[in-house]
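First comes the structure, then the notes that go with it.
As the structure is a prediction and not an experimental result, all values here were calculated from the model. In each ligand, atom 1 is the first atom listed, and ligand 1 is the first ligand listed.
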Amino acid sequence: MSTRAEQLSANLAAVRSRIEAACSEVGRDPAEITLEVVTKFFPASDVRLLAAAGITDVAENRHQEAEAKAAECADLGLRWHFIGGLQSNKAAAVARYADVIESVDRRKLVGPLDRGAEQAGRDRDVLIQVSLDPPGADHRSGATKDSIPELADAIATTEHLRLRGVMAVAPLGEEPGPAFARLAEIHAELLAEHPEATWRSAGMSHDLEAAIRSGATHVRIGSAVLGSRPVVQ
Ligand SMILES: *Cc1c(COP(=O)(O)O)cnc(C)c1O
């Protein structure tokens with residue numbers, strides 16, 4: 001029987017070597033990739049072990065759970081990423097504790113996020129979540145391509161939000177490569193107008209290699225580090 005700390009460091013080592021292998025395939029430097037560990041459904045004690053193992057970035061997708069864990073782990077100096085669906089009446093509260101908000105997909109969220117950042121006394125990094133669903137598909141979360149320029153301008157003109165790039169989840173049941181290639185194109189269009197928006201958050205436990213090959217700068221890894229979640233998402 002190994003301890004939880006040993007399990008987590010073994011899993012982290014395996015994920016790090018996957019990242020290195022994917023980088024070396026395409027001639028990228030692994031130092032360009034930020035590993036975010038997605039700790040949703042796992043306790044604050046795991047977050048502590050991850051911090052001790054050298055993790056600097058953690059991600060959560062539910063407001064109440066994220067808020068509680070960020071408070072409990074406030075002494076660790078971690079960067080908290082919010083990657084879940086945002087309700088406009090919760091957006092200000094999320095911006096009070098989340099350093100990076102990756103799931104901004106509509107204009108209505110921008111005002112409340114900016115207010116929350118102001119209340120926190122901290123500028124916040126923001127990513128536009130892009131929908132990679134084919135046009136006309138049953139649309140889940142994410143901004144459609146057409147709505148991105150206006151959303152980007154709205155974020156860029158706030159006082160307390162910094163537009164840092166894009167985030168996406170590859171659609172289920174599709175090869176991730178073509179989906180991430182669409183994201184790369186959308187990102188290039190955004191960069192033409194907003195050259196500071198250099199981050200591209202893509203790739204989860206099962207598709208991190210495809211994401212890195214396509215140019216992701218941030219990967220969001222949950223189950224490959226922490227094990228399977230107790231509840232199906
Ligand atoms: C849960 C989640 C992840 C991590 O998924 P794994 O398959 O466990 O690596 C990444 N991104 C988002 C948006 C998530 O909700």
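Of all atoms in ligand 1, listed by their number and element, those nearer than 4.0 Å to a heavy atom of I221 are 9 (O). Every atom of ligand 1 is numbered from 1 in the order shown, and the set under 4.0 Å from a heavy atom of I83 is 11 (N), 12 (C), 13 (C), 14 (C). Below 4.0 Å from some heavy atom of K40 lie the following atoms of ligand 1, by number and element: 1 (C), 2 (C), 3 (C), 14 (C), 15 (O). Taking every non-hydrogen atom of S223 and a distance limit under 4.0 Å, the qualifying atoms of ligand 1 come out as 6 (P), 7 (O), 8 (O), 9 (O).
Electrostatic pairing of E118 and R124 does not count as a salt bridge here, judged by no charged N lying under 4.0 Å from a carboxylate O. The existence of a salt bridge linking D99 and R79 is excluded, since no basic side-chain nitrogen approaches an acidic carboxylate oxygen closer than 4.0 Å. With respect to E209 and R18, a salt bridge is recorded, a charged nitrogen being found less than 4.0 Å from a carboxylate O. A salt bridge links E25 to R213: at least one charged side-chain nitrogen sits closer than 4.0 Å to a carboxylate oxygen.
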From CA spacing to verdict: salt bridge (Lys or Arg N to Asp or Glu O under 4.0 Å), K40, E65: CA-CA 8 Å; K40 64 190 182 197; E65 181 183 349; over 6 Å; no

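Note on ligand 1: E102 sits outside its first shell, no heavy atom being nearer than 4.0 Å.
Residue-to-ligand polar distances keep V38 apart from ligand 1: every N/O pair is separated by 3.5 Å or more. Considering backbone and side-chain atoms together, H206 places no N or O closer than 3.5 Å to any N or O of ligand 1.
A donor-acceptor contact closer than 3.5 angstrom is absent between the side chains of Q129 and S103.
When M204, R229, R220 are ranked by how near their heavy atoms come to atom 8 (O) of ligand 1, first place goes to R229.
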